[in-house]
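From a predicted model like this one, the values you see are computed outputs, not experimental measurements.
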Amino acid sequence: MTTVFPGPPRTEQELMERASELAGKTLQYLASRQNIELPVSLNRAKGHIGTLLEKYLGSTAGSLPEPDFREIGVELKTLPLNKQGRPKESTYVCVVPLLPAEQTTWEQSLVKRKLSRVLWLPIEADAEIPLPRRRIGSPILWSPGATQEKILRADWQELMDMVITGELENISARLGHYLQIRPKAQNARSLRQGISNTGDINATLPRGFYLRTRFTRTILQNH
DNA sequence: CATTGATCATAA
DNA sequence: TTATGATCAATG
């Protein structure tokens, strides 16, 4: 593997310069610059493109529960686009804290810290385009507006209230305007400790926070 | 055909 | 083992 830049970006501007160079380039180009081979399909490499971009841009966070660019507090998210140029998938944000000891305020939450500043990188993702030929779009450096944050916060609060009051099993992906909670696991047999409907701690499916496609669509439209 | 629930790879 | 990176695929 070849490292393209000497270290992590020190400023947002430096990050944007690095990302802007990729606009219009293909995934083949992105991989070639780093002497990494593209997988034949994303089927068995679902996060490959995101990882490739992190490496290219100089992220050092690894799999720490932190924004990708810790030095400047920016989170990197790819945004897969369908044939119409709209987001085709929801966006994973972070793990849902299920235990009482893990609870925080909205201000301290990982959801807020990650979504405070996001570098969105649109990627062509229509199934008809071969992976190597899919193009990277122009980067969007985004922060939630006041109204957006208000709704994100309300979603988070509503969902976390359910988590801590033993209503976890009543949470479905239908809840939440912008944010939703869905399974985030190796498979349906994966288990995590959580608060049961009797208030005890028992085993449950690990969950994650996701941004709905209809929300990321508006982010894209506003640019 | 959009959405929900399920799943795959990998690093520390 | 549990977080990251996400997309797949069944379902309504």
Side-chain N,O (A:Thr78) to OP1/OP2 (C:dA6) below 4.0 Å: yes

So, is A:Tyr92 near the phosphate of C:dT4, with a side-chain N or O under 4.0 Å from OP1 or OP2? yes

Any link between A:Leu119 and A:Leu220 through a network of hydrophobic side chains (Ile, Leu, Val, Met, Phe, Trp, Tyr) touching at under 4.5 Å? no

Sugar-phosphate, base or nothing in reach of [X], heavy atoms under 4.0 Å:
X        : answer
A:Pro206 : nothing
A:Leu52  : nothing
A:Glu75  : sugar-phosphate

Quick one: which residue pairs count as a salt bridge (Lys or Arg N to Asp or Glu O under 4.0 Å) with a foot in [range], not counting sequence neighbours?
range                       : result
residues 195-211 of chain A : A:Glu169-A:Arg207
residues 32-47 of chain A   : none
residues 177-193 of chain A : none

If a protein heavy atom is under 4.0 Å from the base, mark B; if only from the sugar-phosphate, S; if neither, -; do that for nucleotides 4-12 of chain B going 5' to 3'. BBBBBBBB-

A:Arg113 and A:Glu66 ion-paired at < 4.0 Å: yes

Salt-bridged, A:Arg133 to A:Glu124, with N to O below 4.0 Å? no

Stretch residues 15-29 of chain A: residues that reach within less than 4.0 Å of DNA chain B through a heavy atom: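 DNA chain B contact set from residues 15-29 of chain A: none.
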
Listed partners of A:Phe5 passing ring-ring contact (aromatic ring centres under 6.0 Å, His included), at least two apart: A:Tyr56

In whole Å, what is the span from the [atom1] atom of [X] to the [atom2] atom of [N]?
X        : N     : atom1 : atom2 : answer
A:Lys88  : B:dA2 : NZ    : C1'   : 12 Å
A:Asn82  : B:dT3 : CG    : P     : 11 Å
A:Tyr178 : B:dT3 : OH    : P     : 14 Å
A:Leu53  : C:dT4 : CG    : C1'   : 15 Å
A:Arg192 : C:dT4 : CZ    : C1'   : 13 Å
A:Phe209 : C:dA3 : CZ    : C1'   : 15 Å
A:Leu191 : C:dT2 : CG    : C1'   : 13 Å
A:Arg113 : C:dT4 : CZ    : P     : 10 Å

So which one's nearest nucleotide on DNA chain C is more toward 5', A:Ser41 or A:Asp68?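 The residue whose closest nucleotide sits nearer the 5' end is A:Asp68.
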
Who else is in the cluster with A:Val40 when I, L, V, M, F, W and Y are joined by side-chain contacts under 4.5 Å? none

Would you mind listing the cluster partners of A:Val95? Hydrophobic ones only (ILVMFWY), side-chain contacts under 4.5 Å, chaining allowed. A:Tyr92, A:Tyr210

Sorted by number, residues from residues 114-123 of chain A placing a heavy atom under 4.0 Å from DNA chain C are A:Lys114

Please identify each residue that fulfils side-chain contact (heavy atoms from CB on, under 4.5 Å) with A:Thr60, with sequence neighbours left out. A:Pro8, A:Glu71

For A:Asn222, what residues pass the side chain to side chain donor-acceptor pair (under 3.5 Å) criterion, not counting sequence neighbours?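 Once residues adjacent in sequence are excluded, A:Asn222 has no partner under the side chain to side chain donor-acceptor pair (under 3.5 Å) criterion.
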
Who pairs with A:Glu21 by salt bridge (Lys or Arg N to Asp or Glu O under 4.0 Å), at least two apart in sequence or on another chain? none

